[in-house]
Amino acid sequence: VGDAYLQKTRAAQCVERTLAEFADRQSAVSNEWESWNSRRRTETTLKQIMAANMETLAVASKLEEQLYPLFSTALDNPADLIEFIGRKRTQLQQDVQAAEADLTQRFDTIAQLEAAGADPGTEQDMVAVKNNLNSIKTKLHTLGADFGELSDATEHFLRSILQCRDSIREYFGTKQTVTGPGSVEAIAEGYEQFKQATMEYFRGLLQQSEQIIERIITLLENLRTYFESQTESENCELKKQHSVLAFDRELGEVRAAIRAEAERLERTRGQYGESVAEAQSVRVAFEERATILQELERRIDAFISSGTELVRQYPETSPYIESETHKLRNEWTDLLRKLEEHRQLHTIAIEYFELITIIEEHYRTLNAELINANNKLTILNNADVANDLVAQVDNMIRTHETSQLDALKKIANLSTQLYGCDKTVTLYTENTKLFQTFYKIKTEVYERSKELGEEQTRREEQQRQEQLQREQEQQRQEQLKREQEERQRQEQLKREQEEQQRLAQLQREQEQEQQRLEQMQREQEQEQERLAQLQREQEQEQQRLEQLKREQEEEQQRLEQLKREQEQEQQRLEQLKQEQEQEQLRLEQLKREQEQEQLRMEQLQREKELAMQQQQEATIVEDVQITTTTSHAGLPHQQQSFDVQTIDEEQYLQEPQVPLVIQTVEEQVHEQIHEVVTTTSTLATAQPEASLRFIQPLSDVCVQEGQRVRLQCVVAGVPDPMIEWYKNGISVQGNPDYRTSFDPASGVCTLMIDETVTADSADILCRAANEAGIADTTARLLVTEAPPPPPKPAGTAPTFAMRLLDGGVAQEGQPFQYDCVVTGQPTPTVHWYKGEQCVDGSPDYRQSYEPASGVASLRIEQVYLEDQTHYTCRAVNDCGSDETSAFLTVKRKYRFGEEGGGGDPIDSPIGAQSWTISCSVADNNNLVAAVDGA
């Protein structure tokens, strides 16, 4: 290098330092790459170990299913059973040893990873994997120990049975010879001893079997304890996951609201109006919208508080919750920053339009001055006036050029900040051209001033030369006058005559000159008029151009206004469409509310009618003496008397009830002839007091996902209560996924979910309310994930081509039959249910099913009151199942008649609350009876 000023030593040091920094950076990148690869290999290995652990756990569970029951064979020979247990124990030991060897190999792999230096991020994963391995190893050890202990005890018991059987076979296989009376007694005594020893052996075997049963019970109790602990842990985990899901859902809504506001701000960027007034209006609208964000800020604060509460309840969710809340705070901070930026931009927009207004006013003023200067330029004829005009133009330029151009530069900067580009290029160009015109006029005026000065100098020089010539002529004339005085005198007369002629000629020339000057003056005045006319035409042309420019601007504004109106019309149409959809939803909601109001009014009407009936009722027939003549085959007629008392509804409801079963009055049908002799007495009773209580509360239910679940409870109350169901404190009334029903006659409240999902896991509450107050009963509904479905076999699932006819009515004591038609391939199996109880094989119900036609029937030969319930026909095959249900109503039958004959039956539905029986005796032989059902 030939540069004498280059410091080679310093340059070399800089190069060496740069190379060293590159080397350090390369080393750091290599180390980071190696660390990342190592961490990734460790994570991959841990995932493989966890996958293998899950396979081992599945194998252990499958092995446990294969071990129990202990005797999964049809063998009954103790020796064969001992051999079977030995094979199973040997197989178990081999499987457990193989699994333990795999676990030991995985422990060694984890130890190698730890020895190689674990990354801080994978230490927790290693601990979790080791804990999983230890739990699997403990389970395998417990499985082997429990089965070994149980199999040893069982094998010992079987060997004892085998030994006892061999001793019995040996005893009875040896025939003792009777030699005399003494030998018979000895044989009998030996037999008694053998019998006592055998019975004692039997008692020992019984004790061994009881010990085995106790061991089995202990194993079952341990299994139950393990299941309960796992269930409790799973419930806690489900609650935590439910809380985290609710947190994620609320997080998504809040984050969507923040992003929507951010997108709205971005959409409004660059929309500041076209004038100061519009910019101020946009600023006011922006501030109004900014105040709405305060509600979003309160929502975010509440959400962060809920996240803090969730972390307090579940500390293990702290990293996730804190990370998400930190991200949410950052997004909110970014939104506030963008909001402040837009606020500053709106302030800049107002300043921008104000400066544009000022510059346009200055432009118009300067343009008017420019036109005035240009007009003066055309009529300049004096150098002083031209110099004054130059000074005026120069002063105009010095006064306005710098300030106007600085303001234009500021506006260009503001335009760049507002729109990202300079929208004032045209305005800047026009102002620049204006000042360039000023400079041009200044130059022209200056040139015109120079020309007028030079012309004036030439006229002065000409006048001076003429003056000098006149002086010389005068001197010459004086000289000539002195030299020719004599001659002048002589020729005086002639000269006077010539002078007179010359003067006359001069006068004529002056007159001609005067006329020429007047002609020139008239031409100059015409020229001035022409220039004035030209100036007026130029002003008119300028005004026309300005008018055309204003019309173009107005046309541009009108087009933009039309475009905005089209956009507003589009938005209005979209808004109208949304309002129509909302109106449709509101009408549907109003319709549902009207239906609910109609149901409530019907309920109130029924309660009012019931109250009126209860007010009009009186307890009749306190003591009724009935004399019954019963005719049995082969027995004489005999008189029997008994008392019939009314049963109070409140007393009936307070009696113990069978859970979830509607109690009915059971009556047996006998062939009897009644002869009734009764006396009546009427006692007025007061209206029953208001009461409310749950006779049968709800019970906890655990089902798999996809199954149907029914929650029932029984409530008693006067008057009939209003029932409402809640899920985690939220009412489910009107929710189509939750079907509710209430039977005021029986007090049964039902909540039905046809197809459950895991999200249905919740605390279910049934609330009853009437004049007596409010009563609640709660239960826990747990919906677990369903196991993966098995591969679907070939064929079609059962379907009912003809379902059961709902709303059937049967007469008490008469037969009744349900029919339906089911199809499916392979041929389905048909089961019948009365309520929730299967009646297959019951002698009270005759069932038939013809696979060829698919007709399935259920016949009740004699219907009783307790047969009133739901009946279900369920068809099942390998491809699926289907069912159909119907409710059977049984009408009660009462008979009142004259002696020796049967009267017409009085039918009444079982749902009647109470009956009033009144009788009067017309004479000794005839009885008049009347029955009123309330």
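In terms of the side chain to side chain contact (heavy atoms under 4.5 Å, CB included) criterion, residue partners of E595 (sequence neighbours excluded) are, by chain and number, K591. Under the side-chain hydrogen bond (donor to acceptor under 3.5 Å, both in side chains) criterion, K327 pairs with no residue, sequence neighbours left out. Applying the side chain to side chain contact (heavy atoms under 4.5 Å, CB included) test to D776 and every residue at least two apart in sequence or in another chain returns L765, R767, I774. Remark: E579 engages Q575, L576 in a side chain to side chain contact (heavy atoms under 4.5 Å, CB included) (not counting sequence neighbours). With sequence neighbours left out, the side chain to side chain contact (heavy atoms under 4.5 Å, CB included) criterion links T740 to W725, Q733, L751.
In this structure, the side chain of D700 does not engage the main chain of A779 through any donor-acceptor pair within 3.5 Å. Side-chain atoms of T756 come within 3.5 Å of backbone N or O of Q704 as a donor-acceptor pair. A donor-acceptor contact shorter than 3.5 Å links the side chain of N728 to the backbone of D763. Put simply, the side chain of S415 never gets that close to the backbone of T424: no donor and acceptor are under 3.5 Å apart. Distance alone, capped at 3.5 Å, is enough to place a donor-acceptor pair between the Q271 side chain and the R267 backbone. With hydrogens and angles ignored, the 3.5 Å screen pairs a side-chain donor or acceptor of E278 with a backbone N or O of E274. Not a single donor-acceptor pair under 3.5 Å links the side chain of H326 to the backbone N or O of E322. Between the side chain of T758 and the backbone N or O of T784, no donor-acceptor pair lies under 3.5 Å.
Salt bridge annotation for R343-E340: present, with a cationic side-chain nitrogen under 4.0 angstrom from a carboxylate oxygen. Ion pairing of E253 with R249 is absent here, as no side-chain N (NZ or NE/NH1/NH2) approaches a carboxylate O to less than 4.0 Å. Between D754 and R708, no side-chain nitrogen of the basic residue sits less than 4.0 Å from a carboxylate oxygen of the acidic one, so the salt-bridge criterion is not met. Ion pairing between E100 and K137 fails under the 4.0 Å rule for side-chain N and carboxylate O. Between R298 and E295, at least one side-chain nitrogen of the basic residue sits less than 4.0 Å from a carboxylate oxygen of the acidic one, meeting the salt-bridge criterion.
Below 30°, between 30° and 60°, or above 60°: for W36 and W33 the angle between ring planes is below 30°, a parallel geometry.
Taking all atoms of both residues into account, the shortest heavy-atom contact from P721 to F742 is O-CE2, 3.6 Å. Nearest heavy-atom pair across F694 and A768 is CZ-CB, 4.0 Å.
Summarising the local packing, CE of M54 is surrounded by 12 or fewer heavy atoms from other residues, nucleotides or ligands at distances under 6.0 Å. Under a cut-off of 6.0 angstrom, the local environment of CD in Q105 is sparse, with at most 12 non-hydrogen atoms contributed by other residues, nucleotides or ligands. Heavy atoms of other residues, nucleotides or ligands lying less than 6.0 angstrom from CZ of R40 number 12 at most. The local environment of CD in E755 is sparse, with at most 12 non-hydrogen atoms from other residues, nucleotides or ligands closer than 6.0 Å. Within a 6.0 Å radius of CD in E785, no more than 12 heavy atoms belonging to other residues, nucleotides or ligands are found.
Here salt bridge (charged side-chain N to carboxylate O under 4.0 Å, His left out) pairs that include residues 15-25, with residues two or more places apart or in two chains, number zero.
Under the side chain to side chain donor-acceptor pair (under 3.5 Å) rule, T750 has a single partner from R710, R739, Q712, which is Q712.
Less than 6.0 angstrom separates the ring centroid of F303 from the ring centroid of F247.
A side-chain N or O of E724 and one of S731 form a donor-acceptor pair less than 3.5 Å apart. Using modelled atom types and a 3.5 Å distance limit, the side chains of S761 and R780 yield no donor-acceptor pair.
The shortest distance between side-chain heavy atoms of H346 and Q280 does not fall below 4.5 Å.
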